[in-house]
There are 2 protein chains.
Amino acid sequence: MPKKRILPYVLLGLINNKGSLSGYQISQEFKHEVGDFWHASHSQIYPELARMKEDGWLIDHDEDKSTFYNVTEMGHQVLRDWMQEPLTDNEEIFSLKLYFIKEQSDPLLEDLLKQELKIKQTKLEYLQGRLKEVFSDKKTIQENFGHYLILTRAIERESNHIQWIEDKL
Amino acid sequence: MPKKRILPYVLLGLINNKGSLSGYQISQEFKHEVGDFWHASHSQIYPELARMKEDGWLIDHDEDKSTFYNVTEMGHQVLRDWMQEPLTDNEEIFSLKLYFIKEQSDPLLEDLLKQELKIKQTKLEYLQGRLKEVFSDKKTIQENFGHYLILTRAIERESNHIQWIEDKL
DNA sequence: CGAATCATGTAATGCGTTACATGATTAG
DNA sequence: CTAATCATGTAACGCATTACATGATTCG
């Protein structure tokens, strides 16, 4: 099976948030706000928008020399479905989905945090297992110091993330 | 200019660490140790090794029905140069380079940590700036709660990373 | 009036993934 | 003896980046 594409959902989410956006505005968004979490160039955006329109996820209207897109009912459904798809070990998607949540009261918020918590806990356990497995003695640590460092760093990173999520829940 | 490729340097680093590796062994490495930080499939590895051999970075010899590769003097130079290239805002490359450092006494270790520290400090400042800029009032926070969350998360993440580096230095 | 920005598009290129393929050896 | 693993390769496909291209408008 081909790898799941993310761009269309990002576009859907962005247009949904703002109500209506042109291709140019979207490419500007990527230079600011969203740019911290995701990026796409205009040569990806324009054809993608055209495809999404053909698929019935968007409708367009011309205005002010720009083509603006709005999310259709079908598009809303597609976006909702994507938002509710289970998370995988991919922090970018977690960030994006969070980004698309507007209200603190949105029940999806807690759901996302809980999902991410579980994923990160599993990862933490895995990394801790690796540490024990690979670096059982001091000699191995000394002879693979960089590897040791980066593995312990990864563990601390996940711990920090878990703490943060637990804090928010 | 085309985007800098990383795979050849990863292969160089791996072969250098182990002394001698076959394509198959490398693809196995990606399923274990290195797999936590980088991945490549065999259909990338084999042609890449062939190219690197042609470029004079590697020499091969057949043994036990496998083709083993060793790093040439030229390859060592290329690897050293790459290891010393300034870091960019790319944690994967930082991890990889650390992974390739064997001895705690390697002067490159401190250099890498210091470089990464600077990059992360810059990023932290940038993110803190964004926070102030975008979320100046409570209303904005309430109306873009997910964005607020993920931005504060990113800030904490960078802070944690900086603390870790300072701890190691 | 010339440079920058707005606004949209297509083409070329490269990299990575998946799939297709094949032969040898080993383990159950 | 047959399934899994060893071991290497190529082909097809998709996606992203860069470059090429064009016309309108705005700002200095």
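Labels below follow one simple rule: chain letters A, B, ... track the order of the sequence lines, proteins then strands, and each chain is numbered from 1.
- Using a 30° and 60° split on the angle between ring planes, A/Trp164 and A/Phe94 fall in the perpendicular class, above 60°.
- A/Asp64 places its CG atom 11 Å from the P atom of C/dT8, with the value rounded to the nearest Å.
- Taking 4.0 Å as the cut-off between side-chain N and carboxylate O, B/Arg51 and B/Glu54 do not count as a salt-bridged pair.
- In this structure, the CZ atom of B/Arg51 is 7 Å from the P atom of C/dC15, given to the nearest Å.
- Rounded to whole Å, atom P of D/dC15 lies 12 Å from atom NZ of A/Lys4.
- Legend: residues meeting side-chain hydrogen bond (donor to acceptor under 3.5 Å, both in side chains) with B/Glu91, ordered by chain and number and at least two apart, are B/Lys120, B/Arg157.
- The distance between atom CD1 of A/Ile6 and atom C1' of D/dG14, rounded to the nearest whole Å, is 14 Å.
- Of the candidates B/Leu124, B/Leu117, B/Ile119, B/Gln121 forms a side chain to side chain contact (heavy atoms under 4.5 Å, CB included) with just one, namely B/Leu117.
- In this structure, B/Glu63 atom CD and D/dA7 atom P are separated by 11 Å, rounded to whole Å.
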Using a cut-off of under 3.5 Å, enumerate the N/O to N/O pairs linking the protein to nucleotides 23-26 of chain C.
unit_1, atom_1, unit_2, atom_2, d
C/dT25, OP1, B/Lys65, NZ, 2.6

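- Counting all heavy atoms, side chain and backbone alike, A/Leu87 lies closest to A/Gln115 at N-OE1, 2.6 Å.
- Listed by residue number, B/Ser41, B/Ser43, B/Gln44 are the residues of residues 24-46 of chain B with a heavy-atom contact under 4.0 Å to DNA chain C.
- Shown for residues 7-21 of chain A: no residue has heavy atoms falling under 4.0 angstrom of DNA chain C.
- Here D/dT17 presents its C1' atom at 15 Å from CD of A/Glu48, a figure rounded to the nearest Å.
- Of all non-hydrogen atoms in A/Tyr24 and A/Tyr46, the two that sit nearest each other are N-OH, 3.3 Å.
- B/Glu125 and B/Lys132 are not joined by a salt bridge, as no carboxylate oxygen comes within less than 4.0 angstrom of a charged side-chain nitrogen.
- Whole-Å rounding puts the B/Glu92 CD to C/dC15 C1' distance at 14 Å.
- Between A/Phe30 and A/His39, the ring planes are perpendicular. Angles over 60° get that label, and only those under 30° would be called parallel.
- Sparse packing is recorded around CG of B/Asp64, with 12 or fewer heavy atoms of other residues, nucleotides or ligands lying under 6.0 Å away.
- Axis angle, first five pairs versus last five pairs of the helix from C/dC1-D/dG28 to C/dG28-D/dC1: 30°, rounded to 10°.
- Remark: A/Arg5 is not in phosphate contact with D/dG14, judged by side-chain N or O atoms under 4.0 Å from OP1 or OP2.
- The list of side-chain hydrogen bond (donor to acceptor under 3.5 Å, both in side chains) pairs with a residue in residues 146-156 of chain B, not counting sequence neighbours, reads A/Asn160-B/Arg153.
- Inspection of the A/Asp36 and B/Tyr126 side chains reveals an N or O donor paired with an N or O acceptor under 3.5 Å.
- A distance of 10.0 Å separates CD in A/Gln128 from CG in A/Leu151, rounded to the nearest 0.5 Å.
- Summarising the geometry of A/Leu108 relative to A/Gln84, their closest heavy-atom pair is CD1-CG, 3.5 Å, with the distance given to 0.1 Å.
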